[in-house]
Amino acid sequence: MNSLLLTGGRVIDPANRVDAVTDLLVLDGKIAAFGSQAVKDAPAGIERKDVKDLIVCPGLIDLHVHLREPGQGAKETIATGTAAAARGGFTSVVCMPNTSPAVDNSGTVALIRERAAREGAVNVFVAGAITKGIAGEELAPIGSLKRAGVVAITDDGHCVQNNELMRRALEYARMFDLAVMDHCQDYALVSDGVIHEGYWSTVLGLRGWPAAGEEMIVARNVQLAELTGARVHCQHLSAAGSVQLIREARKRGVPISGEACPHHFVLTDAAVAGSEKFWVTDGKGVFGYKHGQPNLPVWPAYDTNFKMNPPLRSAQDRDAIIEGVVDGTLEILGSDHAPHCGYEKEVEFDYAPFGITGLETELALSLMQLYHTKRLSLPDLIAKFTVAPARLLRLNKGTLSIGADADVTVLDLDREWVFSADGTASKSRNSPFYGWRLKGKAVATIVGGKQVWFEQS
Ligand SMILES: [Zn+2]
């Protein structure tokens with residue numbers, strides 16, 4: 001049933017330093033053989049898939065996804081969120097705990113895992129909360145969350161402000177060998193900011209969210225990771241100063257890692273002033289686009305699909321995020337897929353919730369900004385979606401080793417396509433990238449040897 005012979009593809013498995021044109025045999029949901037052995041061992045009548053000129057890599061992992069269940073099924077469900085993941089080429093996602101109720105108890109972890117096993121198109125791993133109710137006041141029962149199967153803890157959407165409490169969380173996490181993922185935001189500095197504090201916040205009359213509000217907590221996390229020895233992962237970094245802090249800390253051997261999301265290395269805060277302003281100023285930093293081209297994507301000023309937390313920052317910050325990804329400081333890419341209902345986003349900029357969907361566009365945007373620009377090799381890029389998150393979270397995933405689960409993604413690097421609201425599997429429509437011409441696409445997503453999605457040609 002879950003067996004397949006993929007023939008003639010370029011197989012890239014960064015975990016095993018494999019990069020070769022070869023056949024790949026999947027038997028009963030496991031990686032079984034490569035090369036001539038694959039053909040030899042393939043049972044008669046096995047389904048064959050010609051993947052010549054395509055990339056075959058370990059199934060991609062997105063460690064930062066909001067599936068919104070339980071409690072917010074109007075925005076997204078496990079079924080729709082994982083369907084979007086499959087379309088985007090992702091075979092595993094890690095769902096964030098800021099649901100309703102929050103994932104701060106073993107019952108909710110069990111509920112999500114059960115529902116995901118039944119309705120999920122891809123593997124779902126659960127992140128538990130650091131604090132009860134994600135309120136930042138009292139630690140969640142970290143040991144029982146671990147026993148219930150969480151792969152990390154985070155208060156994502158919120159940030160533990162009390163440094164002593166965060167220290168205790170790190171000590172527990174270390175004891176249970178869990179990574180702590182942190183949404184880095186100093187509440188006092190950020191206050192009710194909605195856009196990067198800079199030129200555009202002033203021009204547009206929107207309250208600023210200063211870069212220092214992120215950097216302050218990254219610096220705190222560096223200190224506490226060093227003090228406790230716990231693995232700390234700084235989520236969705238947006239500011240140049242954060243990259244520098246992580247770079248220096250990693251050089252000293254501090255167990256800290258950082259994550260970049262495509263919107264932070266494609267867009268800038270000028271986008272909040274509308275498409276015309278963006279294409280004239282910072283648009284030249286987007287692969288394949290320049291001002292004056294026909295059919296540039298168009299959007300108005302104050303478009304709430306450009307409101308996320310942390311916010312889009314300056315072109316200089318965008319460059320620093322790219323530099324951090326390229327030099328290995330930021331070793332993990334994620335989407336921060338954050339679906340919201342139309343009625344929630346269709347309000348004044350100040351009142352709209354933060355966040356955009358991202359599972360279906362992150363691969364293409366990453367290929368464009370990092371690979372097609374020749375900044376990063378393909379194995380290095382794939383590593384950031386596979387072996388790197390797997391290593392951080394101790395997942396038995398992210399590789400094509402013989403005997404591993406046959407989670408496989410097939411990519412067409414040069415496929416040009418336009419992302420549209422009609423073409424999304426997500427329940428929500430809050431992406432800034434509708435109408436964008438993208439380059440690079442997953443054409444088949446295989447989970448445990450089963451094709452859960454493939455591009456109809
Ligand atoms: Zn967050």
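These values consider heavy atoms only, across backbone and side chains, with no hydrogens, waters or symmetry-generated copies. Indexing begins at 1, ligand by ligand and atom by atom, following the structure's order. All residue numbers refer to positions in the sequence shown, counting from 1.
The side-chain tip of Arg437 points at the ring of Tyr289 from less than 6.0 angstrom away and within 45° of straight on.
With the Zn ion (ligand 1) as the vertex, OD1 of Asp156 and NE2 of His236 span 110° to the nearest 10°.
Contact annotation: the side chain of Arg252 approaches that of Glu226 to within less than 4.5 Å [non-hydrogen atoms, C-beta and beyond].
Aromatic ring orientation, Tyr187 versus His158: perpendicular (interplanar angle above 60°, classes split at 30° and 60°).
The Zn ion (ligand 1) has no N, O or S atom of Asp336 closer than 2.8 Å.
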Problem set entry | Intermediate values then yes/no, side-chain contact (heavy atoms from CB on, under 4.5 Å), Ser275 and Leu296 | CA-CA 8 Å; Ser275 49; Leu296 284 172; over 6 Å; no
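No other N/O/S atom of His183 lies as close to the Zn ion (ligand 1) as ND1 does.
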